[in-house]
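Beneath this line is the structure, given in structure tokens, with notes to follow.
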Amino acid sequence: MPANSADPSATARLEVVLVKAGRTKIRYPAELLHDDGTRITVRAPWAGDGVRDFGFVRFEPGDVFTEHFWRDRWYAVKEVRTARGVLKGHYCDVTRPAARSGGELVVEDLDLDLWRSADGGLILRLDEDEFAASGLATADPDAATAAVRALDELDALARGADGFAPLFA
């Protein structure tokens, strides 16, 4: 069976490897919840050091991320909850399609992000300046076009009445 397809005998743990600009940005263990060959869902505690305050949300020890990655889409959607289970919102990364090989799930971050608060009242497109400065538009124009389309798709979903729910139906 190809490494990028669903494997029912696979372990219930994966190592998520987030790559940015050719280097590993972060690596963390996660519980595998779902892999149907297209979408992979994992759950993991906040993997950062201490608190990360973005101004519009704080990620902190105890937070739980349920993360959805696709092999055929240019983004990941991460549901963020407090340790008590209260939904903070959804943080979305624009990425190249995910690749699973054995016990690793490798995802390449393309700088663009989107935040949707739990009530849907705050939707922010993030890091468009970093994306512009990354040089991807020159180095890989097709990937840059796909990344911008992915951000636009996430934005449209975030503004819809059902938010990201249609992705998981």
Side-chain angles (χ1 to χ4, degrees), residues 14 16-21 23-31 33-34 38-99 105-137 143-169:
L14 282 178
V16 178
V17 181
L18 184 62
V19 176
K20 189 169 180 176
R23 295 187 348 254
T24 298
K25 180 178 176 183
I26 191 168
R27 172 186 290 270
Y28 55 93
E31 175 188 3
L33 301 177
H34 173 87
T38 302
R39 180 171 50 96
I40 304 162
T41 303
V42 301
R43 182 175 298 129
W46 165 240
D49 293 328
V51 174
R52 178 111 188 251
D53 190 340
F54 291 94
F56 53 88
V57 66
R58 286 170 48 104
F59 295 158
E60 49 205 339
D63 285 351
V64 177
F65 288 64
T66 301
E67 305 176 350
H68 305 272
F69 302 92
W70 285 266
R71 291 179 173 97
D72 64 349
R73 296 183 189 191
W74 286 71
Y75 53 77
V77 176
K78 302 171 181 183
E79 177 190 88
V80 185
R81 293 185 177 271
T82 68
R84 296 181 148 213
V86 177
L87 180 64
K88 289 185 173 187
H90 291 85
Y91 194 90
C92 306
D93 289 317
V94 173
T95 67
R96 289 184 190 270
L105 177 62
V106 179
V107 183
E108 184 180 348
D109 186 337
L110 298 177
D111 293 312
L112 295 171
D113 302 297
L114 184 127
W115 170 256
R116 181 183 193 268
S117 63
D119 66 2
L122 180 63
I123 298 167
L124 300 171
R125 293 169 70 113
L126 306 166
D127 303 327
E128 290 177 295
D129 55 338
E130 287 180 29
F131 177 74
S134 74
L136 188 64
T145 298
V148 171
R149 278 192 197 129
L151 183 62
D152 290 343
E153 180 180 343
L154 289 167
D155 192 302
L157 284 164
R159 293 176 191 286
D162 295 328
F164 298 110
L167 293 174
F168 315 118

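Numbering starts at 1 and runs along the sequence shown. Please read these numbers as outputs of a predicted model, since none were measured by experiment.
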Practice task
I would like to know whether W115 and F54 meet side-chain contact (heavy atoms from CB on, under 4.5 Å); could you show each step before the answer?
Solution key: CA-CA 10 Å; W115 170 256; F54 291 94; over 6 Å; no
Practice task
Could you check V77 against L154 for side-chain contact (heavy atoms from CB on, under 4.5 Å), going step by step and ending with a plain yes or no?
Solution key: CA-CA 9 Å; V77 176; L154 289 167; 3.9 Å; yes
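- Two residues are said to be in side-chain contact when any heavy atoms from C-beta on lie closer than 4.5 Å; K88 and E60 meet this criterion.
- Among all heavy-atom pairs drawn from G121 and D119, the shortest one is N-OD1, 2.7 Å.
- For the pair D93 (side chain) and T95 (backbone), a donor-acceptor distance under 3.5 Å is absent.
- Here the closest heavy-atom approach between residue R71 and residue P97 is recorded as O-CB, 3.1 Å.
- Between W74 and A150, the closest heavy-atom pair is O-CB, 3.4 Å.
- Of all heavy-atom pairs between A30 and A44, the closest is CB-CB, 3.9 Å.
- Annotation for D63 and T82: closest pair OD1-CA, 3.6 Å, computed over non-hydrogen atoms.
- Note on ring orientation: taking the six-membered ring where Trp is involved, the planes of F168 and H68 are tilted (angle from 30° to 60°).
- Residues L114 and R125 meet the side-chain proximity criterion, which asks for heavy atoms closer than 4.5 Å.
- To the nearest 0.5 Å, atom CG of residue L157 and atom CZ of residue F164 are 6.0 Å apart.
- Atom CG of residue D109 and atom NZ of residue K20 lie 5.0 Å apart, to the nearest 0.5 angstrom.
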Exercise for the section: Could you go through the side-chain contact (heavy atoms from CB on, under 4.5 Å) check for V16 and V42 one step at a time? Expected result: CA-CA 9 Å; V16 178; V42 301; 4.2 Å; yes
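- Taking CZ from R116 and CG from D155, the interatomic distance works out to 11.0 Å, rounded to the nearest 0.5 Å.
- Annotation for A137 and A144: closest pair CA-CB, 3.6 Å, computed over non-hydrogen atoms.
- Considering CG of L18 and NZ of K25, their distance stands at 5.5 Å, rounded to 0.5 Å.
- Within the 4.5 Å cutoff, the side chain of W70 has heavy atoms near those of the L167 side chain.
- Sorted by first then second residue, the side-chain hydrogen bond (donor to acceptor under 3.5 Å, both in side chains) pairs that include residues 46-57, not counting sequence neighbours, number zero.
- Residues L14 and P29 form no side-chain contact, since every pair of their non-hydrogen atoms from C-beta on lies 4.5 Å or further apart.
- Under the side chain to side chain contact (heavy atoms under 4.5 Å, CB included) rule, E130 has a single partner from L110, L112, D113, D111, which is D111.
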Practice task
Please assess V94 against E153 for the test side-chain contact (heavy atoms from CB on, under 4.5 Å), listing each intermediate value before the final yes or no.
Solution key: CA-CA 10 Å; V94 173; E153 180 180 343; over 6 Å; no
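- To the nearest 0.5 angstrom, E67 atom CD is 10.0 Å from T41 atom OG1.
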